[in-house]
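Basis for what follows: all heavy atoms, side chains included, without hydrogens, waters or symmetry-related copies. Note on naming: letters A, B, ... go to the chains in the order of the sequence lines (proteins, then strands), and numbering restarts at 1 for each one.
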Protein chains: 2
Amino acid sequence: MAANILIVEDESSILELISLNLHQAGFNPIRAISAEYADNLVKETLPDLIVLDWMLPGMNGIEFAKRLRANSTTKLIPIIMLTAKGDEDNKLEGLTVGDDYLTKPFSPRELVARIKALLRRRSPELVNDPIIVESLVLDPSSHKVQINNKIISIGPTEFKILHFFMKNSDRVYSRNKILDKIWGNKSEIDDRTVDVHIKRLRGSLKQSGYDKLIQTVRGAGYRFSKELE
Amino acid sequence: MAANILIVEDESSILELISLNLHQAGFNPIRAISAEYADNLVKETLPDLIVLDWMLPGMNGIEFAKRLRANSTTKLIPIIMLTAKGDEDNKLEGLTVGDDYLTKPFSPRELVARIKALLRRRSPELVNDPIIVESLVLDPSSHKVQINNKIISIGPTEFKILHFFMKNSDRVYSRNKILDKIWGNKSEIDDRTVDVHIKRLRGSLKQSGYDKLIQTVRGAGYRFSKELE
DNA sequence: ATATAAATGTCATATAAATGTCATATAAAT
DNA sequence: ATTTATATGACATTTATATGACATTTATAT
């Protein structure tokens, strides 16, 4: 289940940019264009992390952050402050109030990295850390698959399938479910195509014997599991 | 078959957020922005569970909950109430009317956990939990059957029969009833075929002695039961 | 922009597993 | 002892999955 990240930012273009990037990184972005609006949202549902712009119309970022810190139910939510270039002297205050800060302009990649770092501390299960099964390692962020510390080459679709399977192991998925999850629900693609990609994926894993992890469940679909039958 | 969860919440952003999180958790969220609107939806869809905001414009949550309880077709639907922080004194009433409650602000993750817990209690058939009889375990989601922690291989039809029997144990089913349940009611298949599949299923269970669980009731059909005769 | 390589989806075919029926053996009921 | 119901092994057939080849699309390098 993806982490819910509240973004508080008054410039809509930046808000959208961040939102898009977080979505691509696998998070659920929640948008707020002001501290007041964000406050209402936080009163209802607790986000897992807050990205908070320093300068906001109305209540500013630091004020909002302090309010969050003052409330026992919200005080533990990690906050990343976004500060403008000029506010060098305010950085200290930003860092003391928030858990981390970034100076504008910042790279979305950097923001995602910082978010992951903070989330990792408090809720490691929400972060896209490498998934490890014995000596098979799939690293979503670097898009690499290793077996015995050796990188194996694998096609994009095969990567997605393996990723999906490793995240959702020990469960059968029908070909149609897999088509939905990997290709998207609009896809007009033939069921049998899944077979072919499974074949290719198994081919990539074969050398190490890990192709056994991808199991055919006759009449039901495929399953990724350590436990062999 | 995902559980249908009706969410009644007037703030659209919260409604969307909850909806998104439930969807990610594998549920089928149904949105309603008022009790009046929800009332119609309940009649149409008979949801498996309702997440109900306490404070609503028009008819409030508790009133709506009471109406649901008064109606025989809806009285058993589990309800999770969402209460505002201040309403400490109302909690008791909320808990008595609903089956569980959460105080705002709550984390979506917590909500999902509560929903699962309630569903497991009230409609275990929706939760696809493993079915366990002594050391025989059938896991519908992974499509595996274990005996003494060892996976046994079993054909699709045998799996369906065993699943059906474990869900409906201690009851005799005629061959025709079994044909209906497993093959579908259109089937033109011979009664005796059931015998053969029962034979095969027993064969798979034999090693462990669990074939004894599948009992022949002469003149009536078959029965799955722990109690040996 | 063009050349080159990689990836994709489909098909036909090969292989394997599962199925349903039957004939016969065995056990239970009368 | 005879009738009736169920168990079982064998088998031909059907159905599902695996696989190799190929034309086409898409991405990457030049």
Side-chain angles (χ1 to χ4, degrees), chain A residues 143-145 151-165 172-184 186-207 211-224 228-229, chain B residues 143-145 151-165 172-184 186-207 209-224 228-229:
Chain A
H143 229 259
K144 279 175 184 166
V145 180
I151 293 171
I152 65 165
S153 99
I154 182 174
T157 305
E158 283 70 61
F159 183 88
K160 283 186 214 155
I161 294 176
L162 182 59
H163 188 195
F164 172 72
F165 269 150
V172 187
Y173 291 95
S174 70
R175 291 175 173 71
N176 274 314
K177 198 83 197 164
I178 294 171
L179 280 176
D180 267 22
K181 293 286 186 182
I182 306 296
W183 277 261
K186 79 261 166 209
S187 88
E188 296 284 324
I189 291 174
D190 189 27
D191 268 22
R192 305 278 106 219
T193 300
V194 175
D195 298 34
V196 177
H197 284 283
I198 290 287
K199 160 74 168 64
R200 287 166 183 160
L201 177 52
R202 280 173 173 158
S204 303
L205 302 175
K206 195 137 219 163
Q207 38 170 71
D211 57 320
K212 298 279 197 310
L213 299 177
I214 293 163
Q215 296 149 15
T216 303
V217 181
R218 218 151 217 276
Y222 296 98
R223 173 183 58 201
F224 182 94
L228 311 175
E229 45 175 2
Chain B
H143 229 264
K144 281 177 181 169
V145 180
I151 292 167
I152 65 165
S153 105
I154 183 174
T157 305
E158 283 71 61
F159 184 89
K160 283 186 214 154
I161 294 176
L162 182 59
H163 190 193
F164 171 72
F165 270 151
V172 188
Y173 291 95
S174 70
R175 292 175 174 71
N176 272 314
K177 197 80 197 166
I178 295 171
L179 279 176
D180 267 22
K181 292 287 185 183
I182 306 297
W183 278 260
K186 79 260 167 212
S187 87
E188 297 284 325
I189 291 173
D190 188 27
D191 269 21
R192 305 279 105 217
T193 300
V194 175
D195 297 34
V196 177
H197 283 284
I198 291 288
K199 158 71 169 64
R200 287 167 182 159
L201 178 52
R202 280 172 172 159
S204 302
L205 302 175
K206 195 137 220 161
Q207 39 170 70
Y210 282 134
D211 57 319
K212 299 279 197 311
L213 299 178
I214 294 164
Q215 296 147 17
T216 303
V217 181
R218 224 183 150 74
Y222 297 97
R223 175 183 56 203
F224 182 94
L228 309 176
E229 38 172 12

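In the set C/dG20, C/dG9, C/dA7, the nucleotide with an atom closest to the side chain of B/T193 is C/dG20. Which of C/dT10, D/dA18, C/dA18 sits closest to the side chain of A/T216 comes down to D/dA18. In the set C/dA18, D/dT6, C/dG9, D/dT6 carries the atom at the smallest distance from any side-chain atom of B/Y222. Side chain of A/T157, nearest nucleotide from C/dT8, D/dG20, D/dA18: C/dT8. Closest to the A/V196 side chain, of the nucleotides C/dT21, C/dA7, D/dG20, is D/dG20.
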**OP:** Test side-chain contact (heavy atoms from CB on, under 4.5 Å) on A/T157 and A/I182 and set out the steps.
**Re:** CA-CA 8 Å; A/T157 305; A/I182 306 296; 4.3 Å; yes
Original post:
Between A/H197 and A/W183, does a side-chain contact (heavy atoms from CB on, under 4.5 Å) hold up when you go through it step by step?
Top reply: CA-CA 12 Å; A/H197 284 283; A/W183 277 261; 3.6 Å; yes
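Residue A/R200 places a side-chain atom within donor-acceptor reach of the base of C/dG9, judged by atom type and a 3.5 Å distance cut-off alone.
Atom CG in B/L179 sits roughly 13 Å away from atom C1' in C/dT21 (whole-Å rounding). Per the geometry, CG belonging to B/L201 stands 12 Å off P belonging to D/dT8, to the nearest Å. Here C/dT19 presents its C1' atom at 15 Å from CD1 of B/I198, a figure rounded to the nearest Å. Atom CG of B/D190 is separated from atom P of D/dA12 by 19 Å (rounded to the nearest Å). Between the CG atom of B/D191 and the P atom of D/dA7 there is a distance of 13 Å, given to the nearest Å. The separation between A/D195 atom CG and C/dA12 atom C1' is 14 Å, rounded to whole Å. To the nearest angstrom, P of D/dA18 lies 11 Å from CD1 of A/I214. Note: CZ (A/R202) to P (D/dG20) measures 13 Å, nearest angstrom.
Minimum interatomic distance between B/L201 and B/I214 (heavy atoms only, all atoms of both residues): CD2-CD1, 3.3 Å. Listed here is the closest heavy atom pair of B/A220 and B/V172: CB-CG1, 3.8 Å.
Residues in residues 198-207 of chain A take part in these side-chain hydrogen bond (donor to acceptor under 3.5 Å, both in side chains) pairs, two or more places apart or across chains: A/R202-A/T216.
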Within the sub-3.5 Å range, which N or O atoms of nucleotides 13-16 of chain D have a protein N or O partner, and how far apart are they?
{"residue": "D/dA16", "atom": "O4'", "partner": "A/R218", "partner atom": "NH1", "Å": "3.4"}
{"residue": "D/dA16", "atom": "N3", "partner": "A/R218", "partner atom": "NH2", "Å": "3.3"}

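Taking 4.0 Å as the cut-off between side-chain N and carboxylate O, B/D195 and B/R192 count as a salt-bridged pair.
Contact check, B/K199 against D/dT6: no side-chain N or O comes under 4.0 Å of OP1 or OP2. OP1 or OP2 of C/dG20 sits under 4.0 Å from a side-chain N or O of B/W183.
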**OP:** Both distances under 3.5 Å, Watson-Crick or G-U wobble: on that basis, could you give the dot-bracket string for DNA chain D, with [ ] for crossing pairs and | for other-strand partners?
**Re:** ||||||||||||||||||||||||||||||
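Counting heavy atoms from C-beta on, the side chains of A/L162 and A/F224 come closer than 4.5 Å. A/Y222 has its side chain out of reach of A/V217: every pair of non-hydrogen atoms, C-beta onward, lies at least 4.5 Å apart. A heavy-atom distance below 4.5 Å is found between the side chains of A/D191 and A/N176.
Using bins of under 30°, 30° to 60° and over 60° for the plane-to-plane angle, the ring pair B/F165/B/Y173 lands in the tilted bin.
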